[in-house]
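Both counts, for ligands and for their atoms, begin at 1 and track the order of listing. In this text the structure is predicted, and so the values were computed from the model without any measurement. In what follows, every heavy atom counts, from backbone to side chain, and hydrogens, waters and symmetry copies are set aside.
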Amino acid sequence: MNATAAIGVTGLGVMGRNLARNFARNGCTVAVHNRTAGRTRALIEVYGDEGTFVPAESPEEFVAALERPRRLMIMVQAGEATDAVIDEFAPLLEPGDIIIDGGNAHFADTRRREAALRERGIHFVGTGVSGGEEGALEGPSIMVGGSAEAYDVLGPMFETISAKVGGEPCAAHIGSDGAGHFVKMVHNGIEYADMQLIAEAYDLLRQVAGYTPAEIADVFRRWNEGRLGSYLIEITAEVLAHTDPETGGPFVDIVADAAGQKGTGRWTVQTALDLASPVTAIAQATFARAASGQRDLRAAYAGLPGGTRPPLSRTEAERFTSQVEHALYASKVIAYDQGWKMIQDAAAEYGWKIDLGTVARIWRGGCIIRASFLDRIRAAYAFDRDLVSLLGEMEFAMEITDAQVPWREIIASAARRGIPVPAFSAALAHYDTLRADRLPAALLQGQRDYFGAHTYQRVDRPGTFHTVWTAPGRPETTT
Ligand SMILES: NC(=O)c1ccc[n+]([C@@H]2O[C@H](COP(=O)([O-])OP(=O)(O)OC[C@H]3O[C@@H](n4cnc5c(N)ncnc54)[C@H](OP(=O)(O)O)[C@@H]3O)[C@@H](O)[C@H]2O)c1
């Protein structure tokens, strides 16, 4: 077989098939392979005229179809399936060839695989692909890890098939080894927080303002025209406006209120704990999903007392809606800031050089959290590459200042009425924690020293100290 394919895709499920079609539609010759050959044949049969495909039934045939350096993209389930496919193909490759893993791998697995394949001279490029089925076909957001050398070869192809915003591609080299998959993971964590915040805003508008789902859909449509403008706000309006054809009632009322979660949100929280990175809004959003699914526990709590308040008048409801907009926006800024800080913490831990403005740039299109305000995040990091927090940027800081009263009132009002707003509350508590002059962590240090001689630092002189709590007079020692 002549080596004519610029890239090969193995694993032609939902994502792999659509990515292969996207490459072909953009003029790449694509070799296609799948464990079950029927899928390969089906792709050629249905979509074969969209571009130039080279179908391959065996791994050998597939590899032989690839131009050098060979570019082989794996689109299978993360975990064992990915390892199995790597083990099958790596022996057929040569030094300089490139394996791309476009699945949702855990970044630690990507680091392990990259190190092992590097020993054999093979580039392993862990690549986060966001946008689901439609994005894979029409233009995803692509977060590429691995070596800069591999990106020199792959970059133009990825940039061609990615989403574009203002003519700019939503694909970039994020950093070495697992950086691409790490950033994809954090993207999904932020997505969890954003969705939960929107859901809490809906709940407040329904329960406190007394609006119907159709009226709330209109509120979200209006918000979508402003600073909250985003894909998630847009689809929220669509979901709320939808009526169930069977009952004629709001669709949102016939859906069971137990949310599922896939691995990446959970991984974000687990990893954040390892990095001591306080992504509290993301964590609360993840736990809120978990709590929603605890049917037995919810049944045990059902009927217990909570707050009550009379419903709002129409005029009060309008004012309340504008307060919710402030609270949602401020909480969203905090949640995104937590995500960016987590990326900075990981970059320091793993030695990645990540351009944070680039992350904002490639999330403006193709992915689930695409939003107009990412332009401003990008600009903030372009202005100051070492910005520690978005709140260090003047405009964001001013918006958060303006949100103070409504943000606090909304959360207080939810607490008085017994409506849970875990993500709103976590975002505000994070803000208050970081701006505080003194934190009660000082007392924790005292407790830790008391029961475990963990020692402490003093504010008035350097050194490490321990109080001998059991001795008369409790003398202080230095260590
Ligand atoms: N779906 C999404 O929205 C989305 C978005 C971003 C990323 N991803 C990630 O993209 C990857 C693919 O997802 P998908 O939705 O396309 O999955 P899918 O539709 O379930 O397809 C899975 C593919 O993996 C192959 N496969 C599974 N185990 C294998 C093994 N041991 N050896 C060889 N091939 C094996 C299957 O081959 P057979 O046909 O032989 O079974 C099939 O082609 C996953 O890592 C997923 O997390 C998905």
Enquirer: Does the Arg113 side chain pair with the main chain of Arg111, one donor and one acceptor, at a distance under 3.5 Å?
Expert: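 It does not hold such a pair.
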
Enquirer: Distance under 6.0 Å and angle within 45° of the ring axis: does Arg376 meet both against Phe396?
Expert: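 Yes, a cation-pi geometry.
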
Enquirer: Mind checking whether His33 and Phe89 have parallel, tilted or perpendicular rings, split at 30° and 60°?
Expert: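 Perpendicular: the ring planes of His33 and Phe89 meet at over 60°.
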
Enquirer: Take the angle between the ring planes of Trp223 and Phe220 and call it parallel below 30°, perpendicular above 60°, tilted in between.
Expert: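 Correct class here is perpendicular.
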
Enquirer: Does NZ or CZ of Arg227 come closer than 6.0 Å to the centre of the six-membered ring of Tyr329, within 45° of the ring's axis?
Expert: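 The answer is yes; both the distance and angle limits are met.
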
Enquirer: At less than 4.0 angstrom from any atom of ligand 1, which residues have a non-hydrogen atom? List them by chain and residue number.
Expert: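 Residues near ligand 1: Gly11, Leu12, Gly13, Val14, Met15, Asn34, Arg35, Thr36, Arg39, Met75, Val76, Gln77, Ala78, Ala81, Val85, Gly103, Asn104, Val129, Gly132, Lys184.
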
Enquirer: Do we get Arg289 above Tyr192's six-membered ring, with its NZ or CZ under 6.0 Å from the centre and within 45° of the axis?
Expert: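 So Arg289 does make the cation-pi contact.
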
